[in-house]
Structure formats: C-alpha cells, structure tokens
2 protein chains.
Amino acid sequence: MSVTIKDIAKIAGFSHTTVSRALNDSHLISKETKEKIKTIAETLNYTPNYNAKSLVLNRSYNIGLFFSTINEGTSSSFFYEVVKGVNSVVCGEFNLIVSGIDEYSNPNTINKKHFDGIIIMSQSTKDDYFIYNILEKKIPIVVLNREVQDVQLVNILSDDRKGVENAVEYLINEGHRNIAIIEGKKGFKSTQERKKGFIKALINNNISIYKDYIVKGKYDLESGYQGMKQLLNLSNIPTAVFCSNDDMAVGAIKAIVEEGLNVPEDISIIGFDDNVFASYLSPALTTIKKSFEEISIRGAKKLLKLIEDETLERERIYVSTELQIRESVKRVGGIS
Amino acid sequence: MSVTIKDIAKIAGFSHTTVSRALNDSHLISKETKEKIKTIAETLNYTPNYNAKSLVLNRSYNIGLFFSTINEGTSSSFFYEVVKGVNSVVCGEFNLIVSGIDEYSNPNTINKKHFDGIIIMSQSTKDDYFIYNILEKKIPIVVLNREVQDVQLVNILSDDRKGVENAVEYLINEGHRNIAIIEGKKGFKSTQERKKGFIKALINNNISIYKDYIVKGKYDLESGYQGMKQLLNLSNIPTAVFCSNDDMAVGAIKAIVEEGLNVPEDISIIGFDDNVFASYLSPALTTIKKSFEEISIRGAKKLLKLIEDETLERERIYVSTELQIRESVKRVGGIS
DNA sequence: TAAGTTATTGTTAACGTATGCATAGTGTGA
DNA sequence: TCACACTATGCATACGTTAACAATAACTTA
C-alpha cells in the first residue's frame, strides 16, 4: 500500500538496511548513495511508519498533556493558553495528545511506550494518585501550576507572592499608604503566598501593618462583599484594597458602590487571576495575571530536556506574573 | 522491561498466540484459559504495546484534530468548546492529537498509519490544500464549520440561515414589524446565509421588505456603526436591527447611544456569534450562538462511523444554532 | 470402527524499522 | 606482498503483536 524502505531499496538497488541508514543520515553511508536514496524517497513521497519506528526504538513521539478535567469547571482561556503554549514547543517533533485525568479510571493503562513524556496541568490534589503512578513508571513528567510535595519532580509554578508584592508596590507608587487585603480561602497554598507578598511589599516600604486591614475571605464573591463591608466600617477606611482573587474584587466593588462610594475615585481595587470578565467590568479591573502560556512553555521545554537527559535535576521553577493595569486604581495624594 | 504477552505465556504455560487471543476475547479460547490468562495479565499489570498492535493491525488509535491555526486569531472559548466536544466522543478508544494546519509546511508527512481519522475545524479557504491532500490519501476525514465545495466529504456546518430566521421571528413575536439588517462582508458565505434567514422570516410573517432596511456591513465594529447611522437617518427608523455579527452590534449600539437613544428602549438589537464580551455589555447582548461543541460532537461521532465503514455516505449536516436571549431586545406595541 | 466434525491450542510468519555482526573492497604502511 | 585498517554495504534478527494455517484431542455419526 504505502511506500516502505524496502520499496525504495528495490528501486535504488541497495538493501533496505542501507536505505534506513541513508535516510537517518548515518555516517556509514557514502554521500552519493545518501543523495540517490533521498531523492528516490522524496519522489515516492515516502513517510516513515512511526509505529514500526516506535516499536524498535522504544519511543512513541507522543507528549501527553493532561488536565484535571476537560469538562465543566475548566476556564476556556486557561485551557487555550495552556494547549497553545505546550503546542508551540513540542509541535514538529512530537504529537500533542490532550486528555483529562478524570477520563482514566485506571492510570495503569498509561505506559512508557505510549508517551515519551507527560505534562500535567494540575488543578486539584485529586490528581496526585495519577502523578505518583506516572512517577513510578519512570515516565518523564512535569507538573504545572500546583505544588506537589514530598516528591522529587519538575514543578512549574506561578510566583504568586512576587506578583502580589509587585502589585502592592504599584499601589504604593500611586501614592497609597492605607492598603488592605481580603485574603483567600483558609488552608489554600495560594492564600498564604498572596498574603506573604502583600506583607512583604508593605515591609519593603516601611509601611506599618494594621491588623484591621487584613480580613478573611473565601475566594467567592460573597466573601469579598462581606470583607469589604468590614473594611468600610473602619474609622480609617483604606484607600486601596488588594483582593486575593477577581471574584472577591467584584464583591468588594459591589459593597463600595452600595455605600455610595466609587471605584477608583474613593477606593482603589486590585484583583488576582485576570478572569475573562475582568476587562469588561466598569471600571475595568486592574488585576494580576498568571501567564499560563508562559508556565506551559517553560514546562514543555523542561520536559523535552528531561526526555533527553533523564538524570536532570528535578527543580521547582517559579514563573513571574503580570500586572494588568486597567482602571480600578487611582493615583492619590502628592509625592510621598 | 515491561510485561509482554510472551511473559504471560511463559507463566500461564500457553503459547503467546493463545494469550493474545485470550486477551482479545477470541471465541477460539476456552473460558477457563481466558480467565486464567486474564488474571495473570492483571497481576502483572500488563498493558499492550500499542505500537506493535498498530503495526500489525495497520491502525494508530489516533484521531487528529486540526485547527487552521492554534496561534493568535483563535478565540479561546471556540477552541475549548471544540476540543471538549471532540474529546468527549473519542476519549477512551482513541488518542486525541491536537494540532494546527499551519504547523505542517508539508502535509505529506501525514499518513494513514498515523491517523485513523482526521477532524478539521476549518476557518479559512487556505486549509483546502491540506484537506485535498488528506482526501487523496483516503484517510477518513470530517470538516467542520466551513463548507468545502466540489468535493464529496462529510461536512458539519452551522445552520446560520435557520438561526437568523428564528431570531428574527423572535423579534416579530416581541411585536416588532420595522426590522432592519446590517449585512456581513460581501462575498462571504455566512453573509448570504444570514441574510437569507432574515428575508425568510419576514416573508413567513407577511412583512414587507424595505430596501432601506437592508444595509451593507463588513463584519467590523466601524461598519456596524456606520450602518446604524444610515438607519438612524431614515424617516422611519426601525424598532429592531439584526446585526450579522456581534462586533457590528457593538458598533450599532454606539451609534444609537450617540444619537441620544437607548437600547433596547428605543431600538432592539440582535447580534450573531455570542462573543465572549456579549454577556458583559450593557445591555447584555441578545445574540445567536453557534454551538461549536455540538458541531464538534456531531463531527466526531460521524468520523467514528466513517472509520468503521468507509463506504458511508458523505453528507452535509447542519447543526442548529441557539438564540441567547439577554437584554437587548424589548417587547413593543400590543398584540398584532 | 473409520471418517468427519468441533473445540482448543501451537507454529510460523508478517507488519516496517533499526542495528549488531559479517563481508567485500580499497587503500596504507612496513 | 602481506597484514591491517577503514569504508561502504548486506544479512539476519529483534521489537510485540496478530492471524493464517497446522495440529491435536475429543466427540459424532454412519
């Protein structure tokens, strides 16, 4: 049916071994035969059978990109950025197989013959059993977005702490001194990290930290609303509030508006995530964006290196965030 | 290294052929041996080597999903819906390989050994050379979203005409009689189809068609703005306007607001596409949504059938659209 | 009881590629 | 001129699976 190296061999008058070597640029073959064989291959429109190649070389030319799930609950811009990022790195040499972890009731069906390497965009600790399974099989793996503890693996994470630190420094540069935070959900790693960044920025700039300016939240709209209410009840209302995610920022804005105040004229707001809706709010929300595309690109590149050299150090890499400056922050006061 | 059927054969005391047959539930093998072999396979954590399987069975277990491009210009919600839709159908039996046509300088590198079937989400006539190439190779193929002419293939398309017809009938049911259209870009298939749907709805309801109510557009914001200006200059301003896409709807709304009028109080607007921003506009835009997820699901299912039975009729399938009713249409007048 | 049928298992080759080893031809140095 | 190295090629086999064909045993049937 389709052209094989044996067909080429017959026409060229060489053994199929020689053809194989010629097409793989082996140094054992003379220049002239190489050229002859290559032109024949081209005219015959030869393409290697990757299944046969894979069988003997014991590799698949496949990279697996696994999301926790591909169903409801995955944001489309997130999904797109990740696939795009990984694809831009692995396309050409590898096939990119996209899948959801929740589709695999039994992770054992995944084996090394099938994937040269695996990238996991992890959004839940439920993924861990899957990750451990792959680690056991010694398949090169990179985990994005979620820190996997107690295990040596390549982990690409967003540097939330630094991102918040920068954002709060931006507020300070805009003249704000009374800056509050509405925290994320208790127990979440991201909650801690974002808070640490907040504190760090204040300390760096010798701004004292008021307990009243640190209020709890739960990452949902309602808790942002309630948190802001609490801040509005203070005698010394902050001029700027960092909300640990965009949902809470929306809740906070609602509370401010209800109070008859305006964003950013009376209070400036910064969120975190850069949700789809962030730029459509009025005022458009200034927020901190994780670049999932960059996380994915870095992860994919690291994976390719890992495939080449399996002894590579398993490190944790932090990718910087980007402050999306829009309209929810106002400059205040004179120059400090 | 990893477990093969020969390993199982040794332990079970059968030939590897018997093992192969047992694991594939061949009727040639007795119940007892089947069970025995299967339990051994399970305890050894056996997974078949798909490359070997593929080699001998001449199939790949891969489905290719090709976009015109995966880079800038692809909307994320569109991309996500499509991957999600296809994945929901093919997961389990097949690997889903996602790729961009623009990554293949030479489509000849794609061969039947590599893909059991291919789905093309086509957004440009530039894809045609690629599509023809795959057709020549007799790889089962389904083309989504764009009509490919002069060729027998399975084509899954959105029924724009019917969608617009329904939307305009909705306007009519809301009491509107003076309904205008701002057309899409000249020469585009979609422009014609959407216009036909518009006309059809009017004819169905015995509403006469004014030439003045049909204005040209170019699918961009500016042309929507200009088109609306034109309509606002008429002595008999329409009470409702169907804009052939959402971008033009935004332009149209801008023109209306500039004139000191309101949407939907003075003029109702319907768009087409359900862009990301549509629900964040104020008023939130009532618009016609192509369900790319459904197009993808239908396409994927059709492809699987095509793989099973290559003689299947190559038909053109139209998937219905969905009217997203939001806030940009107002009920007018009494009951007609 | 011989011949035929059926149920179960084994032998062998095939898929298309890469590679260790063998071989032939050509030059090189003493 | 002989031994040796080097270059270019071919032979044989392996990868893990399936399947055509062969083989065996047990059971039917006349």
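So you know, we letter chains A, B, ... as the sequences are listed, proteins then strands, and number each from 1. These numbers come from the heavy atoms of this one structure, side chains and all, not from hydrogens, waters or symmetry mates.
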Of all residues at least two apart in sequence or in a different chain, which pass the side-chain contact (heavy atoms from CB on, under 4.5 Å) check with [X]?
X: Ser20(B); value: Ile5(B), Asn24(B)
X: Ser15(A); value: Thr17(A), Thr18(A)
X: Ser76(A); value: Ser76(B), Ser77(B), Tyr80(B)
X: Ser30(B); value: Glu32(B), Thr33(B)

Close approaches to DNA chain D from residues 40-57 of chain A, in residue order (heavy atom, under 4.0 Å): Leu55(A), Val56(A)

Mind checking the CZ-CZ spacing from Phe67(B) to Phe78(B)? Nearest 0.5 Å is all I need.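 The CZ atom of Phe67(B) sits 5.5 Å away from the CZ atom of Phe78(B).
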
I need the Phe79(B) CZ to Phe79(A) CZ distance, nearest 0.5 Å.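 Answer rounded to 0.5 Å: 5.5 Å.
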
Which residue pairs satisfy the salt bridge (Lys or Arg N to Asp or Glu O under 4.0 Å) criterion with at least one member in residues 92-108 of chain A, sequence neighbours excluded?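 Listed by first then second residue: nothing to list.
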
What pairs of residues pass the salt bridge (Lys or Arg N to Asp or Glu O under 4.0 Å) test when at least one of them lies in residues 54-63 of chain A, not counting sequence neighbours? Arg59(A)-Asp116(A)

Please table the atom pairs, donor to acceptor, closer than 3.5 Å between any side-chain atom in residues 292-300 of chain B and protein atoms at least two apart or in another chain.
| unit_1 | atom_1 | unit_2 | atom_2 | d |
| --- | --- | --- | --- | --- |
| Ser296(B) | OG | Phe292(B) | O | 2.6 |

Mind calculating the distance between [atom1] ([X]) and [atom2] ([N]) to the nearest angstrom?
X: Lys10(B); N: dG10(C); atom1: NZ; atom2: C1'; result: 16 Å
X: Lys6(B); N: dT11(C); atom1: NZ; atom2: C1'; result: 12 Å
X: Arg59(A); N: dA18(C); atom1: CZ; atom2: P; result: 11 Å
X: Leu23(A); N: dT17(C); atom1: CG; atom2: C1'; result: 11 Å
X: Ile8(A); N: dA18(C); atom1: CD1; atom2: C1'; result: 15 Å
X: Ile5(B); N: dT11(C); atom1: CD1; atom2: C1'; result: 14 Å

Can you name the atoms? Protein N/O to nucleotides 5-12 of chain D N/O, anything below 3.5 Å, with the distance.
| unit_1 | atom_1 | unit_2 | atom_2 | d |
| --- | --- | --- | --- | --- |
| dT9(D) | OP2 | Ser30(A) | N | 3.3 |
| dT9(D) | OP2 | Ser30(A) | OG | 3.4 |
| dT9(D) | OP2 | Thr33(A) | OG1 | 2.9 |
| dG10(D) | OP1 | Ser15(A) | N | 3.3 |
| dG10(D) | OP2 | Ser15(A) | N | 2.7 |
| dG10(D) | OP2 | Ser15(A) | OG | 2.9 |
| dG10(D) | OP2 | Thr18(A) | OG1 | 2.4 |
| dG10(D) | O6 | Arg21(A) | NH1 | 3.2 |
| dG10(D) | O6 | Arg21(A) | NH2 | 3.0 |
| dC11(D) | N4 | Thr17(A) | OG1 | 2.9 |
| dA12(D) | N6 | Thr17(A) | OG1 | 3.3 |

Quick test of your reading: applying ring pair (Phe, Tyr, Trp, His ring centres under 6.0 Å), list the pairs with at least one residue in residues 13-59 of chain B, sequence neighbours left out, ordered by first then second residue. His114(A)-Tyr50(B), Tyr50(B)-Tyr61(B)

Just list the side-chain donor-acceptor pairs under 3.5 Å for residues 139-154 of chain B, sequence neighbours left out, or say none.
| unit_1 | atom_1 | unit_2 | atom_2 | d |
| --- | --- | --- | --- | --- |
| Asn145(B) | OD1 | Lys290(B) | NZ | 3.3 |
| Asn145(B) | ND2 | Ser122(B) | O | 3.3 |
| Arg146(B) | NH1 | Ser122(B) | OG | 2.5 |
| Arg146(B) | NH1 | Ser124(B) | O | 2.8 |
| Arg146(B) | NH2 | Asp128(B) | OD1 | 2.8 |
| Arg146(B) | NH2 | Asp128(B) | OD2 | 3.3 |
| Glu147(B) | OE2 | Arg316(B) | NH1 | 3.3 |

Kindly calculate the angle separating the two end axes of the helix from dT1(C)-dA30(D) to dA30(C)-dT1(D), each obtained from five base pairs, and round it to 10 degrees.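 For the helix from dT1(C)-dA30(D) to dA30(C)-dT1(D), the axes at opposite ends meet at about 60°.
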
